[in-house]
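A short write-up of the structure that comes next.
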Amino acid sequence: PNRRIEVDPIAMASKVASMEVSDLHLCCGKCVTAVNDILSKVPGYVSNVAKQGAKSFTIKGDISPKDVMDAFQKGGLTGKVGATTPEAKS
């Protein structure tokens, strides 16, 4: 199977407040649990709305899209980064 993760280099360059991930395998509750376990280890991760059977979902926090996608790849999952929301400036 193709294990390549597609990413936009500009979107991956810095931290974001939220990001959308699509085409990630979410066929059952165990897959959703695996996603949650992987994300819980990503620095700055706060929450996500992944549900069984979803084609895409949003992840929130002070996160690096590269860290998120690297974590998914390390966990054996593939997907695509979609829209991102830049980090709020203080």
Side-chain angles (χ1 to χ4, degrees):
N2 184 357
R3 295 256 185 232
R4 185 156 181 86
I5 296 192
E6 295 181 27
V7 296
D8 174 353
I10 295 170
M12 300 296 276
S14 61
K15 289 191 175 184
V16 296
S18 70
M19 63 183 278
E20 184 174 322
V21 175
S22 62
D23 297 333
L24 197 72
H25 187 83
L26 293 168
C27 75
C28 65
K30 287 183 180 182
C31 293
V32 174
T33 298
V35 165
N36 290 329
D37 289 346
I38 289 168
L39 289 173
S40 71
K41 297 174 179 87
V42 174
Y45 165 75
V46 174
S47 67
N48 77 78
V49 293
K51 293 190 183 339
Q52 181 177 334
K55 299 287 184 198
S56 66
F57 64 97
T58 301
I59 302 168
K60 293 185 178 182
D62 180 20
I63 50 177
S64 159
K66 181 178 182 334
D67 289 349
V68 170
M69 299 314 283
D70 285 350
F72 282 145
Q73 191 164 27
K74 185 177 177 182
L77 299 175
T78 62
K80 297 177 186 172
V81 174
T84 60
T85 303
E87 193 174 37
K89 303 289 182 201
S90 342

For residues 18-27, run the donor-acceptor check on the side chains, cut-off 3.5 Å, and write out each pair with its distance to 0.1 Å, sequence neighbours left out.
from, atom 1, to, atom 2, distance (Å)
Ser18, OG, Thr85, OG1, 2.8
Glu20, OE2, Ser56, OG, 3.3
Asp23, OD2, Lys80, NZ, 3.2

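- Evaluation of the salt bridge (Lys or Arg N to Asp or Glu O under 4.0 Å) test over residues 54-63, restricted to residues two or more places apart or in two chains, returns none.
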Please list, one pair per line, the donor and acceptor atoms closer than 3.5 Å that link side chains of residues 36-43 to other protein atoms, with sequence neighbours excluded.
from, atom 1, to, atom 2, distance (Å)
Asn36, OD1, Asn48, ND2, 2.8
Asn36, ND2, Val32, O, 3.3
Ser40, OG, Asp37, O, 2.7
Lys41, NZ, Asp37, O, 3.4

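- Here the shortest heavy-atom pairing between Pro65 and Thr84 reads CG-CG2, 4.5 Å.
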